[in-house]
There are 2 protein chains.
Amino acid sequence: MSKLQVDQIRSFNRTVTRRIGVLEDSYLRRGRPLGEARLLFEIGPEGAGLGALRSRLGLDSGYLSRMLRSLETHGLASVDKLDGDARSRFATLTEKGRAEHAAYDALSDDLANSILEPLSPAAQDRLVAAMAEVERLLTAAAVTIGEEDANSADAQQCMALYIEELATRFEEGFDTSKGNSVSGSEFIRPHGSFLIARLDGSPAGCGAVRMLDAATAEIKRMWVAPSARGLGVAGRMLHKLEEIARELGAQTVYLDTNRALREAQSLYKRDGYAEIKPYNDNPYADHWFAKRL
Amino acid sequence: MSKLQVDQIRSFNRTVTRRIGVLEDSYLRRGRPLGEARLLFEIGPEGAGLGALRSRLGLDSGYLSRMLRSLETHGLASVDKLDGDARSRFATLTEKGRAEHAAYDALSDDLANSILEPLSPAAQDRLVAAMAEVERLLTAAAVTIGEEDANSADAQQCMALYIEELATRFEEGFDTSKGNSVSGSEFIRPHGSFLIARLDGSPAGCGAVRMLDAATAEIKRMWVAPSARGLGVAGRMLHKLEEIARELGAQTVYLDTNRALREAQSLYKRDGYAEIKPYNDNPYADHWFAKRL
DNA sequence: CTCATTACCTGACTTTAGTCAGGTAATTTG
DNA sequence: CAAATTACCTGACTAAAGTCAGGTAATGAG
C-alpha cells in the first residue's frame with residue numbers, strides 16, 4: 001500500500017463523489033426531499049416491509065413512519081397489514097407512486113447516459129469496463145472474514161448451503177450420514193476454528209480447520225456463496241485458515257476434495273498444495289492435498 | 001449506449017456511493033457537522049480567502065460567515081484582514097485547527113488503506129488502475145464544448161495561452177505579427193465559429209473555423225489546456241468544428257500545422273485528413289491538410 | 001394465562017443546512 | 001468626488017433530517 005495508491009484512492013473518492021453526487025442530486029430530487037425520494041425508490045414497484053426499509057435506509061422507526069405518512073398523503077404509497085404477523089406492515093406504491101418510481105428510473109438512465117454521451121464509443125467501453133472492475137474490487141474489499149462460533153445460526157446456515165451445493169455438484173450425490181462429517185465442537189479452539197465471510201453483515205462463505213494430531217491440521221468446509229465468487233474470498237479464507245493452523249501448532253495442513261470441485265483444486269495447487277496419497281477414507285474424496293507451513 | 005452500459009453505470013453509482021459514502025461519513029465527521037468538517041478541510045494548513053471558500057464549497061455568504069464564526073469559537077480557525085483589499089478576509093487554521101486538519105488527513109489515508117488492505121497486492125494494483133481510468137474518463141465526460149463569442153474574455157485568454165504555447169514549442173519561435181493571424185470577427189457566423197471547451201466552468205481549450213470560400217472551411221486555433229490533455233478533447237473539438245463547417249456550407253476542410261505539433265498531425269491523420277500542397281503562405285506552417293466532408 | 005418482546009406509531013424535541021433581506025465599510029468607476 | 005460595486009456580516013427565517021421517550025396492539029415464551 002504505497003503513498004501513490006492511497007493518493008489515487010483519495011483522488012478517486014473526491015472526483016467520483018463530486019461528479020456523481022452532484023448529478024444524482026440534480027437528477028433525482030424531483031422537488032421532493034431526498035429522504036422521501038430515496039424511500040419511494042426503495043419501496044419500488046414490488047413494495048417492501050417496513051423493517052426491511054428501516055434497515056436498508058438506516059432510518060429511525062419514527063422517522064420512517066412520518067415519511068411514509070407523507071408519501072401516503074401525497075397519494076404515492078399505501079401501508080397495509082402484512083398477512084401472517086399483524087404487527088408487521090408492508091408498504092406498496094400506488095398507481096401514482098409507481099409512475100413516480102418509473103420517472104426516477106428514467107432519470108437514472110438519463111444520468112448514466114449523460115455520462116456516456118460525451119465520450120467516443122471506445123472510451124465508453126473503457127469507462128464501463130473500468131467501472132465494473134472498480135465495483136467488483138470494492139465489493140471484494142468489503143468482504144470481512146472472521147472467527148465465529150461454529151454452532152451459531154449463521155454458521156449452520158452456511159454449512160447447510162455448502163452441503164446442498166455438494167449434493168448438486170457431486171456426480172454421486174451427497175449423503176450427510178456417509179461423509180466423515182465432523183461435529184461443530186471440533187472447530188472450536190484449541191481443537192480448531194471456524195471462519196465466516198460476510199458481505200454487509202450477511203454470511204457469504206465459511207471455512208474450518210481442526211487439528212488431526214499435534215502437528216497436523218485439516219481444512220474443511222470451505223465454501224463461498226455464489227454471489228461472492230470471483231472476489232478472491234476463497235483465497236483469503238484459505239490463508240486465514242492456514243494462519244490459524246500455524247497458531248494451533250500445525251506444521252502441515254491436509255485437505256481432501258471431490259473431483260467435481262475443479263476450481264477448489266486449482267486454488268489449492270496455486271497456493272502451494274501438493275497432491276498426496278489418501279490420508280483418510282472419505283468416500284467422497286478423490287484428491288488429497290498437503291502443504292508444509 | 002446500450003442498456004447494459006447504462007445498467008453498469010447505475011450499478012457503479014450505487015455501489016460506490018454506498019461503499020465510499022458510508023465510509024467517508026463515519027471516517028470524516030469527527031463529531032462535527034459535515035459542513036464544518038468540509039470547511040475546516042478546505043481552509044487547509046495554508047489558509048484560504050473567504051471568496052475562494054464560498055465558490056469552492058458553493059456556500060451562501062451568510063452561511064459561510066456563521067460557520068467560520070463557529071470554527072473561531074471552537075478555537076480552530078481565525079479570520080483576518082487580507083493585506084491589499086481591506087474588504088477581503090482570509091481564513092487560517094490555528095494550531096488546534098491544523099491538528100484537526102492533520103487528523104482528517106490521516107483518516108482519509110486510513111479510509112483508503114481500509115479499502116486496499118483486504119485485497120491481495122495484485123488486486124490492489126488492479127483496483128488502483130481501474131480507479132485512475134474511471135476518474136480520467138469521468139473527467140473527460142465532464143468537459144463540455146460549446147460555441148461562444150470569439151471576442152469574449154475567456155476566448156481571448158485561451159488564444160493568449162495558445163500563442164504562448166506556440167512560442168515555446170516552435171523551433172523558430174512565434175511572432176504574432178508574422179503569422180497570418182485572423183481577427184476574432186472572422187470566427188462569427190455566418191463566416192465561421194468559435195468553440196470553447198470547459199471543465200467545471202473554466203476554459204480548457206478552444207478551436208475555430210472560418211470559411212475560405214463558399215465551399216471551403218479552414219480550422220484554426222485548436223488548443224487544449226495541458227491539464228485537459230489525454231481526455232480526447234481535441235478529437236471532440238475537431239468533430240464539432242467539422243460539423244459547423246458542414247452547416248456553413250463547406251464541402252472541404254483545410255488546415256495547416258507546424259512540424260513541432262506532432263500530436264496534432266497524428267490526430268488529423270487519424271481523423272481522415274490527407275496532406276496536400278500549401279494552400280497559403282503561413283510562414284509557420286510546415287504541413288497542410290484537407291478532408292472532404 | 002401472564003409477562004416480555006416485537007413492530008410500529010406519536011409527539012416533542014434538536015441539529016443541520018440553507019435562504020433572504022437588509023446592513024456596513026472599503027474600493028472602484030465615471 | 002459622488003455613485004455604484006464589492007466583500008462580508010447580521011438577523012430572521014424555513015425546511016429537512018434526525019433523535020428520544022413514551023405509547024399501543026399483536027405475538028411469543030414460560
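Just so we're on the same page: letters track the sequence lines, and every chain starts at 1. Note that the structure is predicted; figures quoted are calculated from it, not measured.
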| message | Counting the atoms with a prime plus P, OP1 and OP2 as sugar-phosphate, which does A:S61 contact under 4.0 Å by heavy atoms, base, sugar-phosphate, or nothing? | response | base
| task | Would you mind classifying the nucleic acid contact of A:G49 as base, sugar-phosphate or nothing, using non-hydrogen atoms under 4.0 angstrom? | result | nothing
| query | Once you round it to whole Å, what is the distance between P of C:dA7 and CG of A:D80? | reply | 18 Å
| task | To the nearest Å, give me how far apart OH (B:Y63) and P (D:dT10) are. | result | 17 Å
| said: Just to be sure I understand the rule, does B:G35 reach a base, reach only the sugar-phosphate, or reach nothing, if contact means heavy atoms closer than 4.0 Å? | reply: sugar-phosphate
| request: To the nearest Å, give me how far apart CG (A:L68) and C1' (C:dA7) are. | output: 13 Å
| said: Can you measure A:D60 atom CG to C:dT10 atom P for me and round it to whole angstrom units? | reply: 14 Å
| In whole angstroms, how far is the P atom of C:dG18 from the CG atom of B:L59? | 7 Å
| A:L34 CG to D:dA15 P: how many Å, rounded? | 17 Å
| task | Just compare C:dC8, C:dC9, C:dA26 and give me whichever is closest to any side-chain atom of B:A86. | result | C:dA26
| message | Looking at B:R66 and C:dG18, is any side-chain donor or acceptor paired with a base atom of the opposite kind under 3.5 Å? | response | no
| task | Scan B:L68, B:T92, B:L76 and name whichever one has a side chain to side chain contact (heavy atoms under 4.5 Å, CB included) with B:I43. | result | B:L68
| Given atom CG of B:L64 and atom P of C:dG18, what is their separation to the nearest angstrom? | 12 Å
| said: From the set D:dA7, D:dC8, D:dA26, return the single nucleotide nearest to any side-chain atom of A:R87. | reply: D:dA26
| request: Write down the distance between CD (B:E36) and P (C:dT16), rounded to a whole number of angstrom. | output: 8 Å
| task | Salt-bridge test for A:D200 and B:R19: reply yes if a basic N is under 4.0 Å from a carboxylate O, no otherwise. | result | yes
| message | Does the plane of the ring in B:F12 sit parallel, tilted or perpendicular to the ring in A:F12? Use 30° and 60° as the thresholds. | response | perpendicular
| field | B:R229 bridged to B:E165 by N-O distance under 4.0 Å | value | yes
| query | Are A:R10 and B:D105 within salt-bridge range, i.e. N to O under 4.0 Å? | reply | yes
| Using a cut-off of less than 4.0 Å, is there contact between a side-chain N or O of A:R89 and OP1 or OP2 of C:dA7? | no
| field | Along DNA chain D (nearest heavy atom to each residue), the more 5'-positioned of A:D85 and A:G58 | value | A:G58
| message | Nearest heavy atom decides the nucleotide; on that basis, is A:R54 or B:G31 closer to the 5' end of DNA chain C? | response | A:R54
| request: Give the nucleotide from the list C:dT16, D:dC8, C:dA7 with an atom nearest to the side chain of B:P33. | output: C:dT16
